[in-house]
Structures are given as C-alpha cells and as structure tokens.
Amino acid sequence: MKVCVIGAGYVGLVTGACLAGMGNKVICVDNNKEKIDLLKKGKIPIYEPGLKELVKKTMQKKFLYFTTDIKDGVTNSEIIFIAVNTPPRKNGEADLCYVEAVSREVAQQMKSYKVIVSKSTVPVETGKKIAQTVKIYNKQKVSFDIASNPEFLREGSAIGDFMHPDRIVIGVNSKKAETIMKKLYKPLGAPIIVTDIESAEIIKHAANSFLAMKISYINAVANICERVGADVTQVARGMGLDRRIGAEFLSAGVGFGGSCFPKDLSAFIRIAEKNGYNFELLKVVKKINQEQKNLLLKKLTRAIWNLKDKTIGILGLAFKSNTDDLRNAPAISIIEMLQKEGARIKVYDPQAMEKAKKILKNVIFCKDLYLTAQDSDALVILTEWNEFKKLDFKKIKKKLKTPVIIDGRNMYNPALMRKQGFTYEGIGTK
Ligand code: UDX
Ligand code: ADP
C-alpha cells in the first residue's frame, strides 16, 4: 500500500521502516532538513537495535523514501500517518501545535481520498480537531477519513513491538477507513481492535497510565518491604504469576522515565480535569515516582553520610537499557540532586554519553565503568544495562574509595554483594 509518515522521530521512523519492511511503499516526511539529509545517507539519529539495518534494507529495495516535501508524501499516498511530537506544556497538557500544522499542510496538498491517521499520542477528541482543520483547509473538498491508531512500541525493542504487537487498535468512523487500515495491518497477524476514534485515543492514555501505575504500585510495595525486612523481587514474583496481575512492569527501581509515561500520565490527569473529573489515583502515581528519586539520595546519605565533596560514580544514564534516550531519565534528575548537595559526579553509559554531554554540566564522563568506580565514594546503578550484569566486583572493590553500591535497578543478589564486602542497598530488598 502507499503510505506517508509525517514526522521521522522515534515513532514515525520506526513506523515508516516497519511498514516498508512489510512491503508497503513508504514516504517519510520531516521538516527537519538535517535529519532528512542524515536519513537519506542511511544514518539514524537515534539508537534503536535493528533500526539502522531495516532502514538501509528498505531504502535499497526502494520501499522507503525520505523527504522534506510534504506535497510529495501526500500526493503519492493513500494513508497518511501523523507522527509528530506532542510535547507537554507547563500544565501537563499536550501541545498540539505540530499536529495542527501538519493537518493543515496535508489538507492543502490533498487531491484525492486519504485516510489521515493519528499515530502520535494525543488527547481524546484530537481526531475531531484534525477533521475540522482538514475540512477548513482542504479547498478542493476531496473526501477523507480520520483514524486513530495509537502505537505501543517501547524504545529498545521498537521493531519487535511493532512487528509482533499484542493488539492493534484502530479507531475509525467509516467502513472504508476500517477496511483500508485492516488491509495494512493484516500481514502482522495480530488481533485488531476496531473502535470509535475517541475510544482509541483513550486506550493509549489509559494503557500507559495503567502501566505507570503498576510501576508506582510495586515501588510503594518496595518501600513497605524495606521497612519490614521483606524482599520486593520475591513479592513481585508471587504477585505476577497470578495471570490477572501479570509479571511484567513489576520491577521496583528508581522510577519510570522516558518520553511517554511521565508525559502521558500528566496529559491524562489534565484531560480528566478538563472534563470535570479529578483523577486522584494518577496524581499519586506521579508523586510516588518522584519520591523514588529522592529515595536514592536518602540511601546514599545513609551509607556515606554527607555528600559534599564526595565522589559518586553513576552507572547508567538512559531512562532504561537499550536506548540512548535521556528524556525524563531518572539519572538526570538524580545527578542534579547530588550536585546540589555538593557531590562530584563521574558517569558511564554504554550508549547515552554523547546525548548526556549536551545536558549534564560539571560531570566527568568515563570511558568505561571501572574508571567510574575509580576513587569514588560510592557507585550508583541507574540503568539496567546488560553490560552491568557481569561486573568484576573484585576489581570494582579495589577501585572504589569505599565499597558502597546503591543499586537502583535491583541487578545483584544482596546477600552475595554483602559477602563480597560491599555496603549494598537495592530497592525494597533485604
Ligand atoms: C512506553 C510503553 O511501554 C509503550 O507501550 C509506549 O508506546 C511508549 O511508552 P517506553 O517509554 O519505551 O515505552 O519504555 P518502557 O519499557 O515502557 O519503560 C518505561 C519506564 O518504566 C522506564 O524508565 C523503565 O525503566 C521503567 N520501568 C519499566 C520500571 O521502572 N519498572 C518496570 O517494571 C518496567
Ligand atoms: P516521538 O518520540 O513522538 O516520535 P520526536 O520528537 O522523536 O517524537 O519526533 C517528532 C518528529 O516530528 C521530529 O523529527 C520533528 O522534526 C517532526 N515534525 C514536527 N513538526 C513537523 C511538521 N510540521 N512537518 C514535518 N515534520 C515535523
């Protein structure tokens, strides 16, 4: 099928590359010329396993094109995905300026029937607004349909998530659009849920907020475990084997970050507020998440007392493993908190160092994790990279000034760590 994806960011680029990989003709449009120039050369502006190879392969087969020219994309496609950014405003609401701008531009270029699909995470009723805008600016009065097709891919496993989704949600209000969208996704063989547009829009916010709630819930349980000498990893296992609960998203830690959960949570709270409902539950989910970051600071002070002039080695900056994304990464706010206390910071991350150099100030960037431990008063683990699973603890212990490890991701066995002579604290473990 002929598809145009507007916005070659995380969501747009993965969507475009995967749809091209499925054998569709895909034109990816972005108004950032630098980005498009890079992509045309087969260079990927983000780190996402497998994406570079998929983009290269589909470009070579001429299934995937990149352009800054929206006219080219709209004219030559029947399905138009809007995948631009929807950044949060100060009050938590999503800023929909880019979605509006793209809707207007699409309308101005439309000369035949199109299905305009919103892929960006947007508040409920955005579909209606897109339709209204397209109607106003589409001078030729060609017919079109709007669809909402929220994306559930996770960074770090984006291609696998796109190609093997648990379900595909399609919100439509016409049979024609439903048929076209079903045809597009049929090759994936996943269950397709067809709803009205508003329900599809809500599904995305409700699903992400629910997952965020699961994480805050287990983090709250971790806090109780610590107080009574229980172990949250065992508790989570005992809970997760109940199929009604499910084992995923029950890892206690430094709290959730990323470009979606914090933003979607705030946006959903705002949507509720605007519609006269006080979504207190989600407000608490947000509060617990903030408190988890403060907890790291408390644990450090408990272990090494004052932080002023102490050196803290940080392992992991990305908001989770297998990505170089630092958006709302707990590591960034934790480092800033530690610096406020007067600590010197050394950091190491396998992928996110280049991006971090643009954000973090007065930080020593280390070439490897052992250099991060060298002469540090404590080592703090903030991202669960595979590379950190098999550390040479003898070497680490020799390098550290004092053998203190605060593990924000529960990566190691507490008893074994203590046996090796470390002062070790995880999250909610004994
Ligand atoms: C999320 C959703 O999972 C995805 O469906 C949506 O499309 C985009 O938002 P992503 O932000 O890429 O994906 O990461 P995810 O794997 O969901 O993790 C989000 C955050 O939660 C990370 O900071 C992660 O470390 C944290 N997390 C996750 C936990 O702290 N504990 C867990 O058990 C799971
Ligand atoms: P996400 O994580 O939601 O995919 P990103 O910020 O990574 O968001 O990407 C959004 C992309 O949308 C950016 O590359 C940006 O340049 C692009 N974009 C924003 N506005 C427009 C527009 N009017 N036309 C084309 N591309 C746009």
Side-chain angles (χ1 to χ4, degrees), residues 4-16 28-36 38-39 45-46 48 66-70 73-74 81-87 94-106 119-122 150-158 161-162 165-167 169 203-205 207-219 222 232-233 236 240 246-265 288-289 292-293 316 318-323 325-331 382-385 408-410 427:
C4 167
V5 180
I6 305 172
Y10 228 110
V11 174
L13 190 55
V14 174
T15 302
C28 260
V29 183
D30 203 292
N31 61 0
N32 180 337
K33 189 176 174 305
E34 231 173 275
K35 197 178 253 189
I36 290 296
L38 264 180
L39 287 164
I46 47 175
E48 179 62 41
F66 293 101
T67 179
T68 50
D69 182 7
I70 199 164
V74 174
F81 280 99
I82 302 180
V84 295
N85 37 336
T86 53
D95 185 344
L96 298 174
C97 285
Y98 305 113
V99 175
E100 186 190 335
V102 168
S103 314
R104 206 165 43 227
E105 288 171 51
V106 169
K119 197 66 162 156
S120 316
T121 305
V122 292
E151 185 46 61
F152 299 100
L153 58 82
R154 289 163 300 175
E155 294 183 16
S157 54
D161 288 346
F162 189 97
D166 289 345
R167 79 310 200 183
V169 175
I203 286 172
K204 171 74 188 191
H205 273 126
N208 271 0
S209 300
F210 187 88
L211 291 170
M213 178 184 75
K214 241 182 137 178
I215 300 169
S216 277
Y217 184 83
I218 202 67
N219 282 334
V232 75
T233 50
E248 286 183 77
F249 282 72
L250 284 181
S251 300
V254 279
F256 55 80
S259 68
C260 289
F261 284 177
K263 191 182 92 176
D264 292 356
L265 200 57
I288 293 173
N289 199 49
Q292 281 312 101
K293 295 177 212 163
F319 80 97
K320 63 172 192 176
S321 60
N322 290 326
T323 178
D325 201 337
L326 291 167
R327 287 180 283 181
N328 295 305
L382 294 180
T383 315
E384 70 289 16
W385 283 101
R409 297 288 185 171
N410 288 343
I427 307 284

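Read the numbers this way: they start at 1 and go in the same order the structure lists the ligands and their atoms.
In K263, neither the side chain nor the backbone holds a heavy atom less than 4.0 Å from any atom of ligand 1. Heavy atoms of T323 found under 4.0 angstrom from ligand 1: none, in either backbone or side chain. Contact annotation: for I70 versus ligand 2, there are no heavy atoms closer than 4.0 Å. Counting heavy atoms closer than 4.0 Å to ligand 1, residue R327 contributes nothing at all. Counting heavy atoms closer than 4.0 Å to ligand 1, residue K214 contributes nothing at all. Counting heavy atoms under 4.0 Å from ligand 1, residue N208 touches it through the side chain alone. Residue contacts with ligand 2, taken as heavy atom pairs separated by less than 4.0 Å, involve D30 via backbone and side-chain atoms alike.
Residues F162 and E151 are in side-chain contact: their nearest non-hydrogen atoms beyond the backbone lie under 4.5 Å apart. Looking at N208 and K263, their side chains never come closer than 4.5 Å, going by heavy atoms from C-beta outward. In this structure the side chain of F319 never reaches within 4.5 angstrom of the side chain of S259, judged on heavy atoms. Proximity of H205 to D264: side-chain heavy atoms (C-beta onward) are separated by under 4.5 Å at one or more points. The shortest distance between side-chain heavy atoms of F256 and L211 does not fall below 4.5 Å. When side chains are defined from C-beta on, E155 does not count as touching N322, because their heavy atoms never get closer than 4.5 Å. Annotation: side chain of L13 is in contact with side chain of L39 (closest heavy-atom distance under 4.5 Å). Side chains of V122 and I82 form no contact here, defined as non-hydrogen atoms less than 4.5 Å apart.
Counting atoms of ligand 1 from 1 in the listed order, those under 4.0 Å from a heavy atom of E155 are 12 (O). Applying the 4.0 Å criterion to heavy atoms of K204 picks out, from ligand 1, the atoms 6 (C), 7 (O). Under a 4.0 Å criterion applied to the non-hydrogen atoms of E105, ligand 2 contributes the atoms 23 (N). For ligand 1, the atoms sitting less than 4.0 Å from at least one non-hydrogen atom of L250 are 33 (O), numbered in the order shown with element in parentheses. Remark: ligand 2 atoms within the under-4.0 Å shell around heavy atoms of V102 are 22 (C), 23 (N), 24 (N). Interface of Y98 with ligand 2, defined as ligand atoms under 4.0 Å from a residue heavy atom, comprises 20 (N). Taking a cut-off of under 4.0 Å to the non-hydrogen atoms of N32, the atoms of ligand 2 that pass are 16 (O). The contact set between ligand 1 and C260, taken as ligand atoms under 4.0 Å from a residue heavy atom, comprises 8 (C), 9 (O). Heavy-atom proximity to F256, at under 4.0 Å, picks out these atoms of ligand 1: 20 (C), 21 (O), 23 (O), 26 (C).
Given atom 4 (O) of ligand 2, the protein heavy atom at minimum distance is V11 N, 2.9 Å. Scanning all protein heavy atoms for the shortest distance to atom 22 (C) of ligand 2 gives N31 ND2, 3.1 Å. Regarding atom 9 (O) of ligand 2, its nearest protein heavy-atom neighbour is G9 CA, 3.1 Å. Taking atom 6 (O) of ligand 2 as the reference point, the nearest protein heavy-atom neighbour is N85 CB, 3.5 Å. Here the protein heavy atom with the shortest distance to atom 25 (O) of ligand 1 is R409 NH1, 2.8 Å. Of the protein's heavy atoms, L153 O, 3.4 Å lies nearest to atom 6 (C) of ligand 1. Regarding atom 5 (O) of ligand 1, its nearest protein heavy-atom neighbour is F152 O, 2.7 Å. For atom 34 (C) of ligand 1, the closest non-hydrogen atom of the protein is F249 CD2, 3.5 Å. Closest to atom 3 (O) of ligand 1, if we only count protein heavy atoms, is R154 CG, 3.2 Å.
Of all the heavy atoms in L382 and R409, the pair that sits closest is O-NE, 2.8 Å. Across every non-hydrogen atom of T86 and A94, the tightest pair is O-CB, 4.1 Å. Between S120 and V84, the shortest heavy-atom contact is OG-O, 2.8 Å. Shortest non-hydrogen contact noted between T68 and K33 is CG2-CA, 3.9 Å. Smallest separation of non-hydrogen atoms from F152 and A207: CE2-CB, 4.2 Å. Contact between V11 and A83 at its shortest, heavy atoms only, is CG1-CB, 4.4 Å.
Polar contact with ligand 2: present for K35 (N/O pair, distance under 3.5 Å). Taking any N or O of Y10, backbone or side chain, at least one lies under 3.5 Å from an N or O belonging to ligand 2. Not a single N or O atom of A101, backbone or side chain, sits closer than 3.5 Å to an N or O atom of ligand 2. Of the polar atoms of L211, none of the N or O atoms is found under 3.5 Å from an N or O of ligand 1, judged by distance alone. Checked against a 3.5 angstrom limit, the closest N/O atoms of F261 and ligand 1 fall outside it.
Taking only non-hydrogen atoms, the option from N322, D161, I215 nearest to atom 29 (C) of ligand 1 is I215. Taking all heavy atoms of E384, K320, E48 into account, the minimum distance to atom 15 (P) of ligand 1 is reached by K320. Around atom 31 (N) of ligand 1, the closest heavy atom drawn from P165, S251, P330, G253 belongs to S251.
Here I218 contributes atom CD1 and I427 contributes atom CD1; the two are 12.5 Å apart, rounded to the nearest 0.5 Å. With values rounded to the nearest 0.5 angstrom, N31 atom CG is found 12.0 Å from D69 atom CG.
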Inset, instruction - Check the pair E48 / Y10 against side-chain contact (heavy atoms from CB on, under 4.5 Å), numbers first and verdict last. - result: CA-CA 9 Å; E48 179 62 41; Y10 228 110; 2.5 Å; yes

Inset, instruction - For the pair C4 and V29, evaluate side-chain contact (heavy atoms from CB on, under 4.5 Å) and give the outcome as yes or no after the intermediate values. - result: CA-CA 7 Å; C4 167; V29 183; 3.8 Å; yes

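Residue contacts with ligand 2 include R327, since one or more of its heavy atoms lies under 4.0 Å from the ligand.
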